[in-house]
Amino acid sequence: MPKLEQSIESIIADATASYGIKRWGNGFFEINQQGQVAIVNRKHPEQGSLSLLQVIHGMQVRELHMPVLLRIENIIDQSIRELNEAFAEAISKVEYRGAYRGVFPIKVNQQAHIVEEIAHFGSRYQHGFEVGSKAELIAALASTTCTESLLVCNGYKDKEFVDLALQASKLGTPCFLVIETPAELPIIIERSRALGIEPRIGVRAKMMSKVGGYWNSTSGDRSVFGLSSAQMIQVIDRLKEHDMLHCLQMLHCHLGSQIPNIRDIRAGVSEACHYYASLCKEGASMSHIDLGGGLAVDYTGAHSQDGQSRNYSLSEYCEDVVDTIKATLDSYALPHPTIVTESGRATVAYSSILLFNVLDVTRFEALPMAAGRDEKHDLIDNMREILEYLKPERIQECYNDAHYYRDELRELFKRGRIGLRLRAIGENLFLDVLSQIKAVLENMEQLPTELEGLDDSLADIYYGNFSLFQSLPDSWAIDQLFPVMPVHRLDEKPDRHTVLADITCDCDGKIDRFIGAHGAKKTLPVHSLKDAEEYYLGVFLVGAYQETLGDLHNLFGDTNVVSIRLNDDSSFEFVKEIHGDSIADVLEYVEFQPANMKLRFRDKVEAAVKDGRISAQERQQMINSFNASMQGYTYYEKDV
Ligand SMILES: *Cc1c(COP(=O)(O)O)cnc(C)c1O
């Protein structure tokens, strides 16, 4: 039967399904008719979407070279809107008689632009901040514009921290000091006396509810956070002694981040409500229940209770939270408190994309090679003969034989019995045989189990212009999966499978688990590289936790960062750009002094001129390139 030409529409539909962009993209991304990943214009879909390739072209003109971290402001706005509207809907649906106030935990992305955008857009919902240190408190105080927004202070607080928070409340900001350890209480009492400002106090409960997922050690007896029940009673009694029990107004808890299972959330909220009710009963003037973070991001798009997914939607989450609080507190006949959540991951994950170009590829296939007459060997002949008996029924045998002959050749090389050229011919032939085996397997219904991994073991390695350690630390540290895909050429059928290596030359600097249509897989479908045309890949959903956890492995520094805003007509603007670290910057981070280094290099080349090893002209060229490199980007710069 002649092969039918596949239509472009159906190639794009296949790509949409195989990369899963609709499943993990939360409606923010799509593949457009030109086969490019595009940002959906949610407000005015009729205006079409914004192609990432178009954004990349705009970056090129502005000399913002790859890799670039792209932030999309509208997505931050949209995430805050959705969270607040989903809670508002849940509140009206279950007839809850209290409000919702969201706060953004700054630790999830402390970049000034993100914090400022959240403060700016969030003000319409009185969306505030959660801070865990003095530095974060200062960032929040300087960024908030809306005085009604909450400020929740967690973390260990010293006198200075407490003073700042108390002064903020004097400005009108509802600022809660959440007690994490009993030692903080005397400081709060003393400072509020000294400054004459009444504090709003919260207590953080040590939660017993266990949650699934990757970040689940924040609960249980041995949790390092929160007060035990006995410590909580101590705090209450001490506040009573000082006639300050009315200052205790908030119950705070945090079950952990990325909670995949909605049942765990329900259980945790219910536990928190019992704490809340007990504090009311002790006589505190309770008004707020803060449930911390935990709202998960469906990184894999599987909608499951796997650690990188979630088995609930945003509206289910909100309804479950509101409904559980209502039901539990109604049973105590208590008024409904203001519900606070500290969603970080779900608020910012979608807004950032890491974009990079591919520098090179290694293919596991035979290279063209001229075989001389002298390079003859029985093992090579044997290997060649495999091709004569290669049939489906003998496929396992062929596979085993090829390995056997190759290993024998390697053994001989190790003992000095054959040369490099012969070994290369043998290994080349081996790859030829494997690719023919692979071709036979493609037409077989049932694969021998041993051969199931053959495809993966022959996958290409694409070398990407990025550092995993700098830009995707969780991918390295905790094997987190992020959606990765080419951002263009998706109207062409992918013809290669690959794993990705970064440019750190560290064997851990690779991505070899990807999100497939049916769970994780070891390779990513990609397109063959073309001469003189860049190939761009994007890593999506990297807005949470990745930016400041990254490190300077091999001295690859911060990437360029570009923020864009999509207009109603799907045009866009570059609203902010930050050039990444220069080589001089990263050297300074590790205490080198670029100015001194330049002087020392100058002395070195001047000495070479004196010794007659180089000319004065060559000296100047060397100094020029040394100085230019110092100011250059730490990543691979292609000549343009
Ligand atoms: C980390 C943290 C959060 C953020 O959690 P997400 O799961 O990212 O929403 C919220 N509150 C506290 C106290 C945290 O430590």
Side-chain angles (χ1 to χ4, degrees), residues 26 76 79-80 82-84 86-87 100-111 114-115 118 122 127-133 135-137 140 150-157 161 176-181 184 202-207 209 211-219 223-227 250-262 264-265 268-269 272 288-299 307-310 312 314 317-318 321 339-352 473-474 478 480 482 541-549:
N26 199 27
I76 303 177
S79 303
I80 292 177
E82 281 173 11
L83 179 65
N84 282 280
F87 265 108
Y100 167 75
R101 286 282 176 276
V103 291
F104 176 73
I106 292 192
K107 75 151 191 269
V108 181
N109 193 323
Q110 300 110 327
Q111 299 296 312
I114 300 264
V115 173
I118 290 173
H127 206 92
F129 290 102
E130 182 269 350
V131 301
S133 66
E136 289 184 356
L137 174 57
L150 293 190
L151 201 51
V152 177
C153 302
N154 288 317
Y156 299 121
K157 291 170 276 297
F161 196 152
F176 284 91
L177 284 159
V178 177
I179 298 179
E180 304 237 18
T181 77
E184 286 166 2
V203 280
R204 177 158 180 177
K206 204 185 270 258
M207 302 294 282
S209 304
V211 303
Y214 278 69
W215 293 267
N216 57 6
S217 54
T218 14
S219 53
S223 153
V224 294
F225 298 106
L227 303 175
M250 173 186 274
L251 183 275
H252 182 278
C253 66
H254 174 63
L255 282 170
S257 195
Q258 183 68 16
I259 303 175
N261 192 344
I262 189 75
D264 292 342
I265 292 174
V269 173
H288 289 69
I289 184 164
D290 183 337
L291 302 166
L295 173 58
V297 165
D298 194 356
Y299 290 100
Q308 324 239 10
S309 183
R310 66 177 193 195
Y312 51 91
L314 176 61
Y317 169 83
C318 296
V321 164
I339 301 170
V340 181
T341 68
E342 304 173 346
S343 283
R345 184 185 295 280
T347 310
V348 289
Y350 293 95
S351 63
S352 301
D474 281 346
I478 52 173
Q480 162 142 25
F482 291 101
L541 276 52
V542 297
Y545 297 105
Q546 304 312 298
E547 291 187 39
T548 26
L549 287 179

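Each ligand, and each atom within it, is numbered from 1 in the order the structure gives. None of the values given here were measured: they were computed from a predicted structure. All residue numbers in this chain count up from 1 along the given sequence.
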Residues in contact with ligand 1, criterion: heavy atom under 4.0 Å: Pro105, Lys107, Val108, Glu130, Asn154, Arg204, His254, Ser257, Gln258, Gly293, Gly294, Glu342, Ser343, Gly344, Arg345, Tyr545
Closest non-hydrogen atom pair, Val297 against Ala349: CG2-CB, 3.9 Å
Least distance between heavy atoms, Tyr100 atom then Thr341 atom: OH-OG1, 2.6 Å
Is the closest side-chain donor-acceptor distance between [X] and [Y] under 3.5 Å?
X: Ser133; Y: Tyr156; answer: no
X: Glu180; Y: His252; answer: no
X: Arg310; Y: Tyr299; answer: no

Polar side-chain atom of Glu136 near backbone of Gly132 as donor-acceptor pair, under 3.5 Å: yes
